[in-house]
Amino acid sequence: MTRQMTGAKMVVQALRDQGVDTVFGYPGGAVLPIYDEIFQQNDIQHILVRHEQGAVHMAEGYARSTGKPGVVLVTSGPGATNAVTGLTDALMDSIPLVVLTGQVPTFMIGSDAFQEADTVGITRPCTKHNWLVKETEKLSKTIHEAFHVATAGRPGPVLVDIPKDVQFASADYQPKPSANTRHYQPQVKGDMEMIEDLVEAIETAKKPIFYTGGGVINSGPAASQLLRELVEATGFPITSTLMGLGAYPASGKNWLGMLGMHGLYEANLAMHGCDVMINLGARFDDRITGRIDAFSPDSRKAHVDIDPSSINKVVKTDIPIVGDIAHVLEDVLALWKSRGRKINREAISKWWKQIEEWKTVDCLSYKGSDTVIKPQYALQRLEELTKGMDRYITTEVGQHQMWAAQYLGFEDPNRWMTSGGLGTMGYGFPASIGVQQAHKDALVINVAGEASWLMNMQELGTATQFNLPVKQFILNNERLGMVRQWQQLLHGERYSQSWSESLPDFVKLAEAFGCKGISISDPADLDDAIMDMIKYDGPVVFDCMVEKHENCFPMIPSGAPHNKMLLGDDNATNAIAGKGAVLV
């Protein structure tokens, strides 16, 4: 049954019908009618951000930790353009978002009106789809369609641009079932002939490996459970991209750790030496493959992905399967079981012996110190003291992000939020706020570098206003750490603009926003300080002064094949310079 209402009221009603409980946003002239409707209801909580980029990253954190789409509301012009970085980040990492933007009235579009921008044109390359709604009678159906597109198939961000006069005008509200979704129904069931080929590969593989990505997590809890069942049943080793951490538990006996540019030695060598590679929801990105022509040259490759455009885009695969990970794994398991659960046990036993030999290299070892906090040690202690808690981790981007992926363990999906594809500095802090809003009683920690963290530090105001006790664990090396590392190894130690200057007193900064500040530099005090951070009932900024020139290893140098890793500073500079130091 339809009923008349204004466009602004339609927006709020559509969000209600979609089950939305939180909107992250910032008001402005072009969305004031919608904000007026938000004021007059209590079903949806609005989180007032301090910058629109922060709003989108908060919605990303909310979405990634819940599996539900995040929702953003911002005004026209600069409000919409400030959201572009977050939209691009979400598109690269397949995060479902619905971003609602205000627009100048329809009769003023194209006149260079105050705070006018071509939002649809600007955001077309960084959204799955976007709409400019010029008629109020189409508004509610468009919003419902937007939620469908954001969440169906490979998830991603969508945008609905709503002129101000459309918000004021009245029309019949169209309920959720009225949305036009038939034109966008991605394939979820895999081709059974290809699935049979995959099962045959599983049965005969001598050196197999599961290579998993964020697509497993995006597919939902069933996909992670089916993956775990298949890994345990076959006994195959498993590794993951940065975005896939948690789909298989870090404590699992078949776990090799993360692979890629800063992945583990054994994971990268197993990928290089395998004879059957089973890619589940990963996209063969450059951080994983290294030099394409040298990537796992002797393996037969299967690739399961819901996005057809991802298959054969970077690496040619032998067994391409378009479909949802959960559906495909369900069919693979059923067929493999019906055929007798066969594997080449003798060959796989030898394969594991080789992998165990690679593990003895202990690629994450580092030189400890009694006088300065090593960043690796800080994360090891954070892991030990928070393991088993109801814990969610977000990160900024840089060395600390890679160390967090290496030293923190994730037992479940949706517990790890990081910017993978775009590598957005400033992502982690607002993302942690979005996660905390979704999980009020959980421990939410953002692992940060001081340079990344300062990019959206203004969101301390949001955390304080809404009593969100996020913990900011800053590994402060007073450097742009990853930039400095590359300058050391690749640019002759010419440190151009990579040393942070005029850093704030993070304790005073936290206190100025009404938060708790902690500063520490002595390794002996680290455990007590971490526990103080955890126990404090409110937002905390933890300034952990660490070794300034520590490098993040293992490392695949840019342009090198994925099996050529640097394992430490002793040989890194010479190796990259081609002076004969030992490479893997």
Side-chain angles (χ1 to χ4, degrees), residues 10-11 13-20 56 59-60 62-64 66-72 83 86-101 119-162 166 173-191 194 213-220 222-223 281 283 303-313 320-328 330-331 421:
M10 281 184 188
V11 171
Q13 186 59 48
L15 297 182
R16 276 201 200 96
D17 287 357
Q18 290 290 339
V20 173
V56 186
E60 285 187 275
Y62 178 97
R64 186 73 175 170
T66 63
K68 300 191 295 185
V71 180
V72 175
L87 285 167
T88 309
D89 189 272
L91 185 70
M92 292 283 281
D93 286 346
S94 305
I95 310 299
L97 300 181
V98 175
V99 177
L100 307 174
T101 57
T119 301
V120 166
I122 290 167
T123 62
R124 187 171 288 120
C126 58
T127 54
K128 278 186 77 176
H129 196 65
N130 60 18
W131 297 260
L132 171 62
V133 183
K134 293 185 175 181
E135 300 163 81
T136 305
E137 54 266 31
K138 295 181 179 178
L139 180 57
S140 52
K141 291 176 70 171
T142 301
I143 293 173
H144 293 313
E145 185 180 352
F147 273 88
H148 172 75
V149 173
T151 55
R154 179 179 178 178
V158 299
L159 182 141
V160 182
D161 200 29
I162 312 172
V166 171
Y173 175 78
Q174 302 294 326
K176 183 177 175 180
S178 66
N180 179 19
T181 59
R182 277 178 289 181
H183 68 295
Y184 185 65
Q185 296 292 340
Q187 180 179 331
V188 294
K189 295 287 285 183
D191 179 87
M194 288 291 104
V216 180
I217 293 171
N218 286 338
S219 180
R283 55 189 178 87
H303 189 186
V304 182
D305 204 295
I306 200 165
D307 180 5
S309 71
S310 290
I311 293 178
N312 293 323
K313 182 177 184 179
I321 302 175
V322 177
D324 177 73
I325 300 293
H327 284 282
V328 172
E330 187 174 31
D331 288 338

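No experiment lies behind these values; they were computed from the predicted model shown.
- Side-chain contact between Val158 and Trp131 is present, with at least one heavy-atom pair separated by less than 4.5 Å.
- For the side chain to side chain contact (heavy atoms under 4.5 Å, CB included) test, residues two or more places apart in sequence or in another chain that qualify with Ala90 are Glu60, Ile95, Leu97, Pro157.
- Rounding to the nearest 0.5 Å gives a distance of 11.0 Å between CD1 of Ile162 and CE of Met10.
- Ala150 approaches Pro96 most closely through the heavy-atom pair O-CB, 3.4 Å.
- Among pairs with a residue in residues 127-137, those fulfilling salt bridge (Lys or Arg N to Asp or Glu O under 4.0 Å) read Glu135-Lys138, at least two apart in sequence or across chains.
- Counting only heavy atoms from C-beta outward, the side chains of Ile325 and Val304 approach each other to under 4.5 Å.
- For the pair Val188 and Ile306, the minimum side-chain heavy-atom distance is below 4.5 Å.
- Take Glu330 and apply the side chain to side chain donor-acceptor pair (under 3.5 Å) test, not counting sequence neighbours, and it matches no residue.
- By the side chain to side chain contact (heavy atoms under 4.5 Å, CB included) test, Gln13 pairs with Arg3, Met5, Arg16, Asp17, Tyr173, sequence neighbours left out.
- When the side chain to side chain donor-acceptor pair (under 3.5 Å) test is applied to Asp305, no partner is found at least two apart in sequence or on another chain.
- Under the side chain to side chain donor-acceptor pair (under 3.5 Å) criterion, Lys189 pairs with Asp331, sequence neighbours left out.
- Counting heavy atoms from C-beta outward, Ile143 and Leu139 have side chains that approach closer than 4.5 Å.
- Scored by the side chain to side chain contact (heavy atoms under 4.5 Å, CB included) test, Ser94 finds Arg154, Pro155, Asn218 as partners (sequence neighbours excluded).
- Considering all non-hydrogen atoms of both residues, Val322 and Pro308 come closest at CG1-CG, 4.0 Å.
- From His144, atom NE2 reaches atom OG1 of Thr181 across 11.5 Å, with rounding to the nearest 0.5 Å.
- Closest approach of Gly70 and Ala63 over heavy atoms only: N-CB, 3.7 Å.
- What you find for Val99 and Leu87 is that their closest heavy atoms are CG2-CD2, 3.7 Å.
- Rounding to the nearest 0.5 Å places OG of Ser310 at 7.5 Å from CZ of Arg283.
- Thr123 meets the side chain to side chain donor-acceptor pair (under 3.5 Å) test with Asn130; sequence neighbours excluded.
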Full working for side chain to side chain contact (heavy atoms under 4.5 Å, CB included) between His148 and Gln185: CA-CA 9 Å; His148 172 75; Gln185 296 292 340; 3.8 Å; yes

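- Residues passing the side chain to side chain contact (heavy atoms under 4.5 Å, CB included) test with Ala326 are Ser219, Ala222, Ala223, Leu226, Asp324, sequence neighbours excluded.
- Closest approach of Ile321 and Ile311 over heavy atoms only: O-CD1, 3.5 Å.
- Gln187 and His327 share no side-chain donor-acceptor pair at under 3.5 Å.
- Residues Phe147 and Val71 are in side-chain contact: their nearest non-hydrogen atoms beyond the backbone lie under 4.5 Å apart.
- Just one of Leu159, Val149, Val160 meets the side-chain contact (heavy atoms from CB on, under 4.5 Å) condition when paired with His129; it is Val149.
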